[in-house]
Protein chains: 4
Amino acid sequence: MKTKKLIIDEREKKYLLKNKVNEFGNDLGVINISDKPLGTAIKSHNGHEFYLVEPTTYDIIKKMKRSVTTLLPKDIGMIIAYCGIEDGETVVEAGTGSAALTIYLANAVGKNGKVITYEKRADAAKIARTNLEIVGAVKENQKIIGIDEEEQTESEKEEIIETNEIKESGLCNVIQKIGDITEGIEETNIDVLVLDMPDPWNVVEHAKKALNPSKGRIAMYVPYIEQAKKGVEALKERGFLDILTVECIVRNMDISEKGVRPSTRMVGHTGYITVARVRPQQEPEQEQEQL
Amino acid sequence: MKTKKLIIDEREKKYLLKNKVNEFGNDLGVINISDKPLGTAIKSHNGHEFYLVEPTTYDIIKKMKRSVTTLLPKDIGMIIAYCGIEDGETVVEAGTGSAALTIYLANAVGKNGKVITYEKRADAAKIARTNLEIVGAVKENQKIIGIDEEEQTESEKEEIIETNEIKESGLCNVIQKIGDITEGIEETNIDVLVLDMPDPWNVVEHAKKALNPSKGRIAMYVPYIEQAKKGVEALKERGFLDILTVECIVRNMDISEKGVRPSTRMVGHTGYITVARVRPQQEPEQEQEQL
Amino acid sequence: MKTKKLIIDEREKKYLLKNKVNEFGNDLGVINISDKPLGTAIKSHNGHEFYLVEPTTYDIIKKMKRSVTTLLPKDIGMIIAYCGIEDGETVVEAGTGSAALTIYLANAVGKNGKVITYEKRADAAKIARTNLEIVGAVKENQKIIGIDEEEQTESEKEEIIETNEIKESGLCNVIQKIGDITEGIEETNIDVLVLDMPDPWNVVEHAKKALNPSKGRIAMYVPYIEQAKKGVEALKERGFLDILTVECIVRNMDISEKGVRPSTRMVGHTGYITVARVRPQQEPEQEQEQL
Amino acid sequence: MKTKKLIIDEREKKYLLKNKVNEFGNDLGVINISDKPLGTAIKSHNGHEFYLVEPTTYDIIKKMKRSVTTLLPKDIGMIIAYCGIEDGETVVEAGTGSAALTIYLANAVGKNGKVITYEKRADAAKIARTNLEIVGAVKENQKIIGIDEEEQTESEKEEIIETNEIKESGLCNVIQKIGDITEGIEETNIDVLVLDMPDPWNVVEHAKKALNPSKGRIAMYVPYIEQAKKGVEALKERGFLDILTVECIVRNMDISEKGVRPSTRMVGHTGYITVARVRPQQEPEQEQEQL
């Protein structure tokens with residue numbers, strides 16, 4: 001259950017409102033939405049139509065509060081498709097940013113999976129929490145590991161993780177952390193590691209150890225080509241397999257009565273996406289036993 | 001649990017093998033994999049290294065048997081991202097084709113969601129079943145609704161759906177059907193309808209009724225621009241909202257010691273993707289009560 | 001000899017000035033340019049540097065007065081390269097528009113070649129003349145055939161063409177005409193016909209007759225895909241050879257100390273360019289004699 | 001007058017033949033072309049049609065002998081358009097390669113202009129000469145400056161340049177040189193310098209001095225992004241103006257009865273093009289006098 005609902009007016013302008021809001025108005029009129037279920041069309045007094053609906057992930061990403069530029073859906077789609085993220089997997093992400101990617105990842109792994117997201121800045125993490133709450137990816141006011149000045153105790157951390165696992169109505173499958181992932185990854189046996197940060201190459205050595213040897217994948221998103229190159233070099237040095245760097249360009253098409261053409265203006269570039277698979281290690285006998 | 005495992009050799013050549021296969025060999029040597037867990041590196045007698053791992057969805061899509069050209073991961077990623085497909089949703093798809101898209105959709109909605117996939121040709125549906133079995137999206141030899149010459153009875157259909165819901169180890173969240181979706185959609189309250197077929201415009205009237213009014217979305221994938229145009233026109237006529245047509249172009253980057261450059265050869269075009277949201281109907285009082 | 005000179009200031013802002021202008025000033029200061037040759041750097045009283053240079057065709061196109069949207073250099077470059085326009089050739093163009101394409105074509109065919117350009121609107125033709133004058137592609141106040149209310153006599157038309165052929169200092173190889181090319185092409189044995197107009201298919205039948213059978217080429221530029229399709233169909237019907245439709249996408253690269261990346265914003269689409277070669281006719285004996 | 005003619009058969013297969021060839025045959029039959037003018041259709045004995053025409057620059061580029069990969073017409077078009085190359089200008093090019101770019105440049109500057117082209121390898125220069133001869137851009141067996149083991153004398157060089165200026169039937173406006181342009185540019189007051197070589201940054205210091213200060217432009221073509229970056233940095237250090245790096249992507253469109261779509265396969269990348277204008281120097285009084 002999302003905590004917000006969406007109003008779309010006749011011109012397709014959109015408004016994201018808290019569930020408890022009972023009345024809405026803009027220049028096209030005022031409507032009462034208190035007793036209306038999602039999925040209804042409502043006429044204002046002056047005859048304009050409004051649609052009260054559930055916001056999709058795509059709608060929420062577009063409307064939510066941002067601390068920084070977020071990944072566009074096109075790039076998120078690439079990461080999910082090229083990594084082949086599956087229901088039930090454990091994903092670690094850094095940095096959280098505004099949590100656009102986090103929300104998509106939470107849906108990709110589903111209620112049986114888990115997303116642990118690192119963010120260096122407490123302010124950004126709090127804005128991200130607000131966004132994650134909207135879709136139920138975290139519980140209301142869910143604690144962020146490491147956010148208080150005084151370090152949380154281990155038992156407190158455990159509590160955050162456990163509480164989260166009650167998984168009520170929403171996904172509740174995201175754990176937020178304050179921390180610099182270049183200093184180390186606390187999790188082990190990670191299925192997918194997604195890095196949206198300026199220096200992903202500084203995480204590759206940690207990734208090599210923290211990734212699930214049977215199917216651990218890594219994805220990096222960076223705007224500059226030099227960053228992509230350094231990322232790829234770090235992956236090659238650590239023996240990662242299936243290293244692939246792509247750029248995803250989306251062209252919107254204008255389809256009208258005048259005819260069809262790609263839109264005149266377009267986003268020229270966002271970033272390069274690199275994906276790879278961790279290379280299993282040649283194990284000594286005992287390691288083999290453990291697995 | 002997938003029914004196949006993946007061998008990657010030193011040159012990154014890949015081999016998808018049944019789980020019960022115990023030995024593997026190619027020109028780089030022979031290895032015994034009977035007692036090896038996924039995620040291990042194994043040396044052949046002549047010293048070449050092989051990696052025994054779990055195939056990702058992406059690996060499976062690339063290696064699986066095909067009845068027809070399948071959507072590329074790039075386009076699948078766009079559909080998932082632009083529709084904002086969520087964990088737990090009900091997706092209807094047509095046609096099944098080789099089930100590449102189906103497998104991704106199954107993971108997108110997860111164990112709490114459901115994918116019902118229509119296919120006109122029984123042959124294609126059977127190949128698709130084989131592919132769906134690999135990832136556990138259907139049970140082994142799960143029945144395909146309508147596949148036998150004699151029409152299945154309603155109770156038999158129910159059985160297929162129920163049996164499927166036991167959801168053991170795998171996702172088991174896909175139901176296959178033989179049928180022509182242009183003749184009607186049996187499901188109601190669908191969250192997302194995904195059409196990979198030559199004449200999606202013939203489904204729009206059905207979609208209008210079958211989609212969940214609070215968040216029903218539709219996605220169409222077609223190679224020709226005239227098809228995209230007809231699809232958009234059908235959507236406009238039925239009052240769909242947020243109609244958007246995009247083309248996704250992916251450039252692979254060559255990153256080597258010589259330098260960085262986009263690859264010399266690339267896929268020039270696959271198809272156009274149109275997404276839209278169903279418009280809620282202005283309801284009479286009684287309808288409003290029901291919802 | 002161009003009739004304008006270019007000032008570039010330190011910030012690379014550009015100003016196109018008449019040759020006789022003696023003084024220039026902006027917020028970076030005032031400079032005297034009366035005795036300065038092109039190709040000099042001049043410091044203003046407050047120490048800012050200005051560069052007095054000759055404008056290139058590219059500079060002029062960017063700065064000149066426009067009656068309508070003009071083709072971008074990228075598309076002009078495609079037309080010149082794909083048609084393989086050669087020194088000395090005769091090119092017919094319609095419509096003139098603001099003459100950006102005309103200026104490039106005039107340079108492509110050179111002083112030994114000729115460009116005849118049709119324009120339906122007298123107003124546009126006059127603006128175009130002003131632009132053509134800047135580069136010397138027409139003489140100052142060169143008459144435009146058909147521009148006066150009363151029809152010009154044949155001898156007057158001849159005079160315009162002949163006068164033009166004196167070719168003094170400038171290229172003086174452009175002849176402007178008022179006329180609707182869909183009603184017919186007066187010229188014969190045209191080497192290249194370039195159509196920048198909404199309905200180029202209405203010219204193809206005329207083109208078939210007017211083009212030089214040994215090497216006549218046609219180029220069409222249109223923004224909508226339906227237009228490109230109709231153009232191609234018209235060419236196919238008339239047996240044109242080597243029909244090719246392309247779209248040219250130019251990405252600007254941002255190269256700075258921060259790194260390299262394609263620019264964030266880009267022109268998403270301008271138009272489609274179709275080129276083809278006229279098919280020589282199987283001639284009766286006498287025709288063969290004539291050639 | 002070109003030294004070759006073109007045969008196009010019904011399937012649009014092309015054959016470039018020497019002018020003196022009198023008979024042609026392939027699997028579609030044999031035709032006698034001895035007395036046929038260019039621009040005629042000829043039927044073979046078994047009823048297939050062939051077209052005897054003049055090859056365009058584009059045709060020749062596609063069919064000619066190559067020593068190395070040549071620039072594609074799309075990139076040549078960009079260079080001509082973005083530099084705004086004009087009739088009558090002096091262009092210096094390095095390296096000559098197979099002379100595809102040279103042929104286009106020769107046409108761009110026309111009979112009143114001049115192209116001086118540097119090539120390090122004598123073998124490549126000889127193949128280039130053969131190609132230049134076809135279009136008449138050099139005279140038959142025109143000497144290549146510096147090609148003999150013993151250094152040519154100054155008077156011999158003069159002779160090559162002068163002989164070339166007789167400019168008979170063809171363009172005859174190209175001068176070929178053996179030499180490494182990174183060691184220096186002999187020409188002065190160059191209007192446009194075009195560099196298709198791996199290390200164009202090593203020419204920038206020479207370019208600064210050799211370019212016409214009133215309108216000297218430079219263009220560089222390189223496949224790798226690191227090369228483009230180094231080129232731009234060298235240009236910035238020497239104060240060049242209007243530095244712009246672009247990539248030109250051409251999509252071919254498939255237009256058939258089935259519909260319209262961009263082609264499935266496309267050239268993903270060729271190279272980056274950088275253009276810039278030389279910055280005029282702040283001159284002492286005497287320099288100003290000279291100009």
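All values derive from a computational prediction rather than experimental measurement. Reminder, nothing fancy here: chain letters follow the sequence lines and each chain counts from 1.
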- Please list, in residue-number order, every residue in residues 247-254 of chain B that has a heavy atom less than 4.5 Å from any heavy atom of chain A; write 'none' if there are none. B:E247, B:C248, B:I249, B:V250, B:R251, B:N252, B:M253

- Query: So which bits of residues 226-233 of chain B come within less than 4.5 Å of chain A, counting non-hydrogen atoms only?
  - Reply: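 Heavy-atom contacts from residues 226-233 of chain B to chain A are B:A228, B:K229, B:V232.
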
- Electrostatic pair A:E86:B:K2 at N-O distance under 4.0 angstrom: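 Salt bridge: yes.
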
- NZ/NE/NH1/NH2 to OD/OE distance under 4.0 Å, A:R279 and B:E49: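 Between B:E49 and A:R279 there is a salt bridge, with a charged N closer than 4.0 Å to a carboxylate O.
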
Nearest-0.5 Å distance, [atom1] of residue [X] to [atom2] of residue [Y]:
X      : Y     : atom1 : atom2 : result
A:N112 : B:D87 : CG    : CG    : 7.0 Å
A:M78  : B:I80 : CE    : CD1   : 10.0 Å
B:I85  : A:T56 : CD1   : OG1   : 10.5 Å

- Note on the structure: Residues at least two apart in sequence or cross-chain that pass ring pair (Phe, Tyr, Trp, His ring centres under 6.0 Å) with A:Y51, listed by chain then number, are none

Portion of [X] that has a non-hydrogen atom of chain A nearer than 4.5 angstrom:
X      : result
B:P55  : backbone
B:L241 : both
B:L6   : side chain
B:I255 : both
B:D191 : neither
B:Y104 : side chain
B:K5   : neither

- Query: Relative to chain A, which of B:E54, B:K236, B:E257 shows the most heavy atom pairs under 4.5 Å?
  - Reply: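 Greatest number of close heavy-atom pairs with chain A: B:E54.
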
- Message: Tell me every residue that passes side-chain contact (heavy atoms from CB on, under 4.5 Å) with A:K258, counting only those two or more places apart in sequence or in another chain.
- Response: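 With neighbours one apart ignored, the set is A:S256, C:Y224.
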
- Task: Would you check if B:D242 and A:K14 make a side-chain contact, meaning some heavy-atom pair closer than 4.5 Å?
- Result: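 They are in side-chain contact.
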
- Query: Do B:P280 and A:V53 come within less than 4.5 Å of each other through their side chains, counting heavy atoms only?
  - Reply: yes

- B:Y58 side chain to A:A81 main-chain N or O, any donor-acceptor pair under 3.5 Å?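 Side chain of B:Y58 to backbone of A:A81: no pair is present.
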
- Go through A:K74 and B:V246 one step at a time and tell me if the side chain to side chain contact (heavy atoms under 4.5 Å, CB included) criterion holds. CA-CA 10 Å; A:K74 73 177 179 79; B:V246 298; over 6 Å; no

- Item | Toward chain B, the part of A:N212 with a non-hydrogen atom under 4.5 Å |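 Neither the backbone nor the side chain of A:N212 comes within 4.5 Å of chain B.
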
